[in-house]
Amino acid sequence: MVDSTGNQDHMHPVNRLIMNLAESRREASDEDIQRIREHVAAVGFESGHHTKAGPRIAGLVWDGKRIQSSDRMNNGVVHYLRHVIARQEWSSDTSFDEYVTCLRTTVIDSSGGILLHRLHDVWHLTFVSAADRHRGPAGGAWIAVGYGVNYGYWITGYQPKLGLHRFVTDTAKGERWLCRP
């Protein structure tokens, strides 16, 4: 984590490595890429982080309860419900655990890409891999897993509709591939 003064002392060593790659613009070595993949695959969604369900999943049922837009829920579950159930990017029989496993596989896929970019003053990595058999009826050709470097956990997992050249928002800065898919 980075404190309010920008201090990286409490940040995980791999996150410091990512920040160094971002700020120095040096090429990532194969060892750097492997360390990044292993670390990010291990962290997953931040279990204690809750977010508002929002209107995209309001009305769905989770754990026997009908979801209200204002409900605060586990971040990973919110993304699962948004992308697997509501948007049908994965097949409807994909469980939450299967979704998380698929995202982990995307992160560690050595044939997948890693895009580094800055959004709202926070460095992000987006891991991409071909959706292949995980593509649902409304899914895209790629799976993307967003990782907030300053936060130290996954912030999303989805199948972008746009090609790889346009799936990061127009407000992203410093965009560059650490490795291409």
Side-chain angles (χ1 to χ4, degrees), residues 14 18 28 30 32-64 67 71 73-117 119 123-149 151-170 172 175-181:
V14 172
I18 297 164
D30 291 344
D32 293 337
I33 296 297
Q34 187 62 29
R35 285 182 64 205
I36 291 167
R37 287 187 190 283
E38 289 172 2
H39 171 70
V40 174
V43 297
F45 286 107
E46 209 277 319
S47 61
H49 183 74
H50 286 74
T51 188
K52 280 189 180 179
R56 293 181 277 182
I57 64 170
L60 295 178
V61 175
W62 178 255
D63 206 18
I67 299 167
D71 289 347
M73 302 174 66
N74 173 284
N75 193 37
V77 170
V78 169
H79 285 279
Y80 165 76
L81 292 171
R82 282 180 189 165
H83 299 289
V84 176
I85 305 303
R87 291 188 183 167
Q88 299 181 329
E89 295 167 14
W90 278 257
S91 66
S92 61
D93 63 347
T94 302
S95 70
F96 174 73
D97 289 340
E98 290 168 331
Y99 168 70
V100 171
T101 297
C102 179
L103 299 182
R104 267 194 177 69
T105 301
T106 296
V107 171
I108 62 172
D109 181 5
S110 62
S111 66
I114 305 174
L115 182 70
L116 174 67
H117 56 98
L119 183 62
W123 285 105
H124 295 264
L125 291 178
T126 301
F127 296 79
V128 295
S129 185
D132 297 332
R133 65 183 178 84
H134 298 289
R135 188 174 186 173
W142 298 93
I143 295 171
V145 179
Y147 175 74
V149 179
Y151 309 135
Y153 54 84
W154 298 350
I155 54 175
T156 191
Y158 65 106
Q159 293 184 24
K161 294 285 186 201
L162 302 173
L164 292 182
H165 65 286
R166 290 267 346 260
F167 75 92
V168 174
T169 69
D170 293 334
E175 181 179 313
R176 72 180 173 110
W177 288 98
L178 296 181
C179 63
R180 289 194 172 271

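- For F45 against I155, the heavy-atom pair with the smallest separation is CE2-C, 4.1 Å.
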**Request:** Report the C-alpha separation of W62 and F96 in whole Å, then their side-chain angles, then the decisive distance to 0.1 Å, and conclude whether the side-chain contact (heavy atoms from CB on, under 4.5 Å) test is met.
**Result:** CA-CA 11 Å; W62 178 255; F96 174 73; 4.2 Å; yes
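- Ring centroids of Y158 and H79 are separated by 6.0 Å or more, keeping the two rings apart.
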**Message:** Test side-chain contact (heavy atoms from CB on, under 4.5 Å) on Y147 and F127; report intermediate values, then the result.
**Reply:** CA-CA 8 Å; Y147 175 74; F127 296 79; 4.2 Å; yes
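- In this structure, CD1 on I33 lies 5.0 Å from CG on L178, to the nearest 0.5 angstrom.
- Here W90 and Y80 keep their ring centres 6.0 angstrom or further from each other.
- In this structure the side chain of T106 never reaches within 4.5 angstrom of the side chain of V128, judged on heavy atoms.
- A heavy-atom distance below 4.5 Å is not found between the side chains of I114 and T126.
- Side-chain contact check for V100 versus D97: every heavy-atom pair is 4.5 Å or farther apart.
- Two residues are said to be in side-chain contact when any heavy atoms from C-beta on lie closer than 4.5 Å; I143 and C102 meet this criterion.
- Remark: L81 CG to R87 CZ distance equals 12.0 Å, nearest 0.5 Å.
- Judged as a ring pair (Phe, Tyr, Trp, His ring centres under 6.0 Å), and not counting sequence neighbours, the contacts of H39 are H12.
- Atoms CZ and CG, from R37 and D32 in turn, are 12.0 Å apart once rounded to the nearest 0.5 Å.
- Looking at T156 and V145, their side chains never come closer than 4.5 Å, going by heavy atoms from C-beta outward.
- E98 meets the side chain to side chain donor-acceptor pair (under 3.5 Å) test with S95; sequence neighbours excluded.
- Under the rule for a side chain to side chain contact (heavy atoms under 4.5 Å, CB included), the partners of S91 that lie at least two apart in sequence or sit in another chain are D93, T94.
- Between K52 and M73 the shortest side-chain heavy-atom distance does not fall below 4.5 Å.
- R176 places no side-chain N or O within 3.5 Å of a backbone atom of L116 that could act as its donor or acceptor partner.
- Residue D30 holds its CG atom at 13.5 Å from CZ of R35, rounded to the nearest 0.5 Å.
- The aromatic rings of H117 and H124 lie parallel to each other, their planes meeting at an angle below 30°, with 60° marking the opposite boundary.
- Checked options V107, V149, I18; the residue passing with I36 is I18 (criterion: side chain to side chain contact (heavy atoms under 4.5 Å, CB included)).
- I67 has its side chain out of reach of V61: every pair of non-hydrogen atoms, C-beta onward, lies at least 4.5 Å apart.
- Contact detail for A86 and L60: the closest heavy-atom pair is CB-CD1, 4.3 Å.
- Within the 3.5 Å criterion, the main-chain N or O of R82 finds no donor-acceptor partner in the side chain of R56.
- Using modelled atom types, one side-chain atom of E89 and one backbone atom of Q159 make a donor-acceptor pair closer than 3.5 Å.
- Proximity of a side-chain donor or acceptor of W154 to a complementary backbone N or O of G148 within less than 3.5 Å is not detected.
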**Request:** Decide side-chain contact (heavy atoms from CB on, under 4.5 Å) for N75 and E46; before the verdict, give the C-alpha distance in whole Å, the side-chain angles of both, and the deciding distance to 0.1 Å.
**Result:** CA-CA 7 Å; N75 193 37; E46 209 277 319; over 6 Å; no
